[in-house]
Amino acid sequence: MMRTHLCGELSQSDIGEKVTVAGWVNRRREHGEHLAFVDLRDHSGILQCVVDNQVDVRSEYVVKITGQVTQRPEGTINDSLATGQIEITDATVEILSIAEPPPFPLDDRADDVDEMVRLRYRYLDLRRSRMQRNLRVRSTINASIRNSMVSQGFVEVDTPLLMPTTPEGAREFIVPSRQRPGSFYALPQSPQLYKQLLMVGGVDRYFQIARCLRDEDLRADRQYEFMQLDMEMSFVEVDDVLAAVEASVLDAAEAVTGVRPDPIERITWLDAMNRFGSDKPDLRFGMELAELTDVFSTTEFKAFSTAGSIKGIKADQAAGDWGRNKLDGLTDTAKSFGAKGMVWLKVVDVDGGLGFDSPVAKFLSEVETAALIERFGATAGDLLLLIADEWHTTCEVLGELRNRLGRPPVSEGPYKYLWVVDFPLFVGADEATGTPKPGHHPFCHPHPEDLDHLESDPMNVRAWAYDLVLNGWELGSGSIRIHDPKLQQRVFSLLGIDEAEAQKRFGFFLNPFAYGAPPHGGFAYGLERLGAILAGEDNIREVIAFPKPQSGLDPMTNAPTEVEPSQLEELGIRVLPPPAD
RNA sequence: GGUCCCGUAGUGCAGUCUGGAGUGCACGCCGCCCUGUCAAGGCGGAGGUCGCGAGUUCAAAUCUCGUCGGGACCGCCA
């Protein structure tokens, strides 16, 4: 070994030892001809070495230093450094690599550097303690999840990256076949189909730390490629799946933070929408939606009299923070989410009681005003926001407004995990055909209590489908799957898919179910999202070694690149000229 | 496909509204000095296509239009 110790693991108990450490020169401080301090950095920390200033070492030089661990002289102890009690003296320095000055400081100041610069030089960015910590958070999560799943009797199985294209769901990355020019593989959006076939194959409990790829626009919480803990179990009900997933998530969280979270609360999708206006509510703050439809049952106010659902939220003592311009902006926000408008009311003192400062105050009766104040428990200085629309829009818009007004950054504590259960089987309808669209995916098992009205009232059929939410981010989702071909065909029929089309689109997946499929269900959750939140980051790029910016163009490798004409020739591919505008 | 914000030295910024010579700050870098510093200190120095291209103007970092790049979000992500 080239070294005897890591920089960060040395302490006062090593005083007197002769050691060899190696790493990068974090900083050098010169003090005349024969004295300089070199702060040596490796992934474990920083260690001060006292060296002869005749040695020419500069920032980011890679050096090996041999010397004696020594107690620092009185008055020179650095409390802000973990190794601040000690230093290496009688040091001999061997330069292993020289280095150009880095394009940006490799300390906390780089947090403010343009992210493109960091990504272009990601290999330098990764030397920083923040990135080292974040990669190790990811590693800890993977290790504890793997351990948790194995200890629960799950079997780790790899599934193919090259698979057939499937028409449903996210846009796929496709890979041309050389041996069959004109045909293509698709990279998996998830191992969904394979893991269900593993259940048919008797694996019983499967898991995989799986790479998934989706060719959809990038976001703070979305990359083209991401990792998920993917799992599937046979002979189980909803509670069994949730318990297995919960154990792995809590194990991972405990391993990273040192604190085991409380058992995860559950809420139904319907309650989540009614109370928080979201299917991924952030429970770190209140500001729940208040039901107001009944308050306005006989109202003269036109905008309210025709609405199917009226709800509102209250921002405590926020009236002063929201002037006309900002409220107009908030109204535009509400409209951009589909609302026809937004009513704001500032609660003010009027003689003998409370009233409203609002453009619509004059349209509200005394009874309605009093009922609103009472329903919200409002006091002077509060700001009320009301939305009147069809139920789903009312909820969703208020959920968005609630987040705008009250939501802390996702990375801020405390951690609030939440199961959202009983999702609807169908959400909305296809505009062209009028048939319902699957809420989760077409293989999701309807709730047995709702099977009697599957055909007569499909939009009110619940699914055995569930999501895991952390601080308002969807970590993952899952469901109990349909294992009975007859039930599967009922669902397909509702989706407007006849047997011939089902065979064509999903045949390779459905036919195996004729050979004896066990009841089964599963789940998958995103490891970058969990990692980011546990690492205190609000962007998953910060916990990915080599992420891509929103354009998907890699500033470090310049991918994607053009390929040689001969490569295209071999694949039977001709590229169209760029479209003329 | 859309909305909003950003782009000035290697890095972070000020200057832009109200046009007047690349005017400036901090860090970093290079050289010299310095034997107890620790995001050391002192002195000196180098470093600029104000993202790019048009337009307006006697004059553009500054105003206008376009374009490129980046970010947040909507659509999209079964």
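Convention: sequence-line order gives letters A, B, ...; per-chain numbering from 1. Given the structure is predicted, the values throughout are model-derived calculations rather than measurements.
For N539(A), the side-chain contact (heavy atoms from CB on, under 4.5 Å) test picks out A220(A), R541(A), E542(A), with sequence neighbours left out. Partners of P101(A) by side-chain contact (heavy atoms from CB on, under 4.5 Å), not counting sequence neighbours: none found. Judged as a side-chain hydrogen bond (donor to acceptor under 3.5 Å, both in side chains), and not counting sequence neighbours, the contacts of D457(A) are N460(A). The side-chain contact (heavy atoms from CB on, under 4.5 Å) search around H31(A) returns R29(A), L35(A), F37(A), not counting sequence neighbours. Shown here are the side-chain contact (heavy atoms from CB on, under 4.5 Å) partners of T83(A), two or more places apart in sequence or in another chain: L47(A), L81(A), I86(A).
Nucleotide rU11(B): paired with rA26(B) (Watson-Crick or G-U wobble, both distances less than 3.5 Å). Pair assignment for rA40(B) gives none, since no Watson-Crick or G-U wobble pairing has each distance under 3.5 Å. Across all strands shown, rA59(B) forms no Watson-Crick or G-U wobble pair with both key distances under 3.5 Å. If you check rU35(B) for Watson-Crick or wobble pairing at under 3.5 angstrom, you find it has no partner at all. Pair check for rU3(B) finds rA72(B); Watson-Crick or G-U wobble, both atom distances under 3.5 Å. In this structure, rU64(B) forms a base pair with rA54(B), meeting either the Watson-Crick or the G-U wobble geometry with both donor-acceptor distances under 3.5 Å. Pairing for rU18(B) is absent, judged as Watson-Crick or G-U wobble with the two contacts each under 3.5 Å. Remark: rG47(B) base-pairs with no nucleotide; criterion is Watson-Crick or G-U wobble with both hydrogen-bond distances under 3.5 Å.
Between Q196(A) and E232(A), the side chains place no donor N or O within less than 3.5 Å of an acceptor N or O (distance only, hydrogens not considered). In this model, a donor atom of one side chain and an acceptor atom of the other lie less than 3.5 Å apart for T159(A) and Q208(A). Counting only N and O atoms by type, the side chains of E172(A) and T166(A) include a donor and acceptor under 3.5 Å apart. Side-chain contact check for Q503(A) and N511(A): at least one donor-acceptor pair (N or O, by modelled atom type) lies under 3.5 Å.
For R222(A) against rC76(B), a side-chain N or O and a base N or O form a donor-acceptor pair under 3.5 Å. Taking 3.5 Å as the limit, the base of rC34(B) and the side chain of R29(A) contain no donor-acceptor pair of atoms between them.
Between the CD atom of Q550(A) and the C1' atom of rG70(B) there is a distance of 8 Å, rounded to whole Å. For the pair D217(A) CG and rG2(B) C1', the interatomic distance rounds to 11 Å; values are reported in whole Å. A straight line from CZ of F37(A) to P of rA40(B) spans 12 Å, rounded to a whole angstrom. Spacing between atom CG of D215(A) and atom C1' of rC77(B) amounts to 11 Å, rounded to whole angstrom units. Atom CG of L218(A) and atom P of rC73(B) are 11 Å apart (whole Å). In this structure, CG of N558(A) is placed 13 Å from P of rG69(B), rounded to the nearest angstrom. Between the CG atom of N403(A) and the P atom of rC74(B) there is a distance of 10 Å, rounded to whole Å. If you take CZ of R28(A) and P of rA39(B), they are 17 Å apart, rounded to a whole angstrom.
As rounded to the nearest Å, rC76(B) and rG51(B) have P atoms that lie 36 Å from one another. Rounded to the nearest Å, the gap between the P atom of rG2(B) and that of rG19(B) is 33 Å. For the P atoms, the distance from rA14(B) to rG53(B) is 24 Å, rounded to whole Å. To the nearest whole angstrom, the two C1' atoms, one in rG48(B) and one in rC13(B), are 15 Å apart. Only the P atoms considered, rA21(B) is 13 Å distant from rU16(B), to the nearest whole Å. Straight-line distance between the P atoms of rC74(B) and rG28(B): roughly 41 Å, to the nearest whole Å. Comparing rG20(B) with rA60(B), their P atoms are spaced 11 Å from each other, to the whole Å.
Note on D221(A): nothing from the nucleic acid sits closer than 4.0 angstrom, heavy atoms only. No contact: A36(A) has no heavy atom under 4.0 Å from any strand. No contact: R171(A) has no heavy atom under 4.0 Å from any strand. Among the protein residues, P549(A) comes within range of the sugar-phosphate backbone only, with heavy atoms under 4.0 Å from sugar or phosphate atoms but none that close to a base. When heavy atoms are screened at a 4.0 angstrom cut-off, G84(A) is found touching no nucleic acid atom at all. At a threshold of 4.0 angstrom between heavy atoms, the contacts of S59(A) are confined to the sugar-phosphate backbone, with no base atom among them.
The N78(A) side chain lies nearest to rA39(B) when the options are rC73(B), rU37(B), rA39(B). When each of rU37(B), rU35(B), rC38(B) is scored by its nearest atom to the side-chain atoms of E87(A), the top-ranked nucleotide is rU37(B). Relative to the side chain of R219(A), the nucleotides rC77(B), rC38(B), rC74(B) differ in distance, and rC74(B) lies closest. Taking the side chain of M116(A) as heavy atoms from C-beta on, and the options rC77(B), rC38(B), rG70(B), the nearest nucleotide is rG70(B). Of the candidates rC73(B), rU35(B), rA39(B), rU35(B) carries the atom nearest the L35(A) side chain, counting heavy atoms from C-beta on. For R541(A), the side-chain atoms get nearest to rG71(B) when compared with the rest of rG71(B), rG36(B), rC73(B). If you check rA72(B), rC38(B), rC30(B) against the side chain of R58(A), the one that comes closest is rC30(B).
Here salt bridge (Lys or Arg N to Asp or Glu O under 4.0 Å) pairs that include residues 62-76 of chain A, with residues two or more places apart or in two chains, are K64(A)-E94(A). Pairs of residues two or more places apart, or lying in two chains, that qualify as salt bridge (Lys or Arg N to Asp or Glu O under 4.0 Å) and include a residue from residues 397-408 of chain A are D282(A)-R407(A), E400(A)-R404(A).
Surrounding CD of Q54(A) are more than 12 heavy atoms belonging to other residues, nucleotides or ligands, all under 6.0 Å away.
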At a cut-off of 3.5 Å, list every protein nitrogen or oxygen paired with a nitrogen or oxygen from nucleotides 41-47 of chain B, distance to 0.1 Å.
none

Name the pairs: protein N/O against N/O of nucleotides 8-13 of chain B, kept only if under 3.5 Å.
unit_1, atom_1, unit_2, atom_2, d
rG10(B), O2', P103(A), O, 2.5
rU11(B), O4', P103(A), O, 3.3
rG12(B), OP1, D114(A), N, 2.7

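Using cut-offs of 30° and 60° on the angle between ring planes, the pair Y466(A) and F523(A) is parallel.
For R404(A) and L553(A), each mapped to the nucleotide of RNA chain B holding its nearest heavy atom, the one lying further toward the 5' end belongs to L553(A). Nearer the 5' end of RNA chain B, as judged by each residue's closest nucleotide, is the contact made by K548(A), out of K548(A) and H441(A).
Contact check, N539(A) against rA72(B): a side-chain N or O comes under 4.0 Å of OP1 or OP2. In this structure, T76(A) does not reach the rC38(B) phosphate: none of its side-chain N or O atoms is under 4.0 Å from OP1 or OP2.
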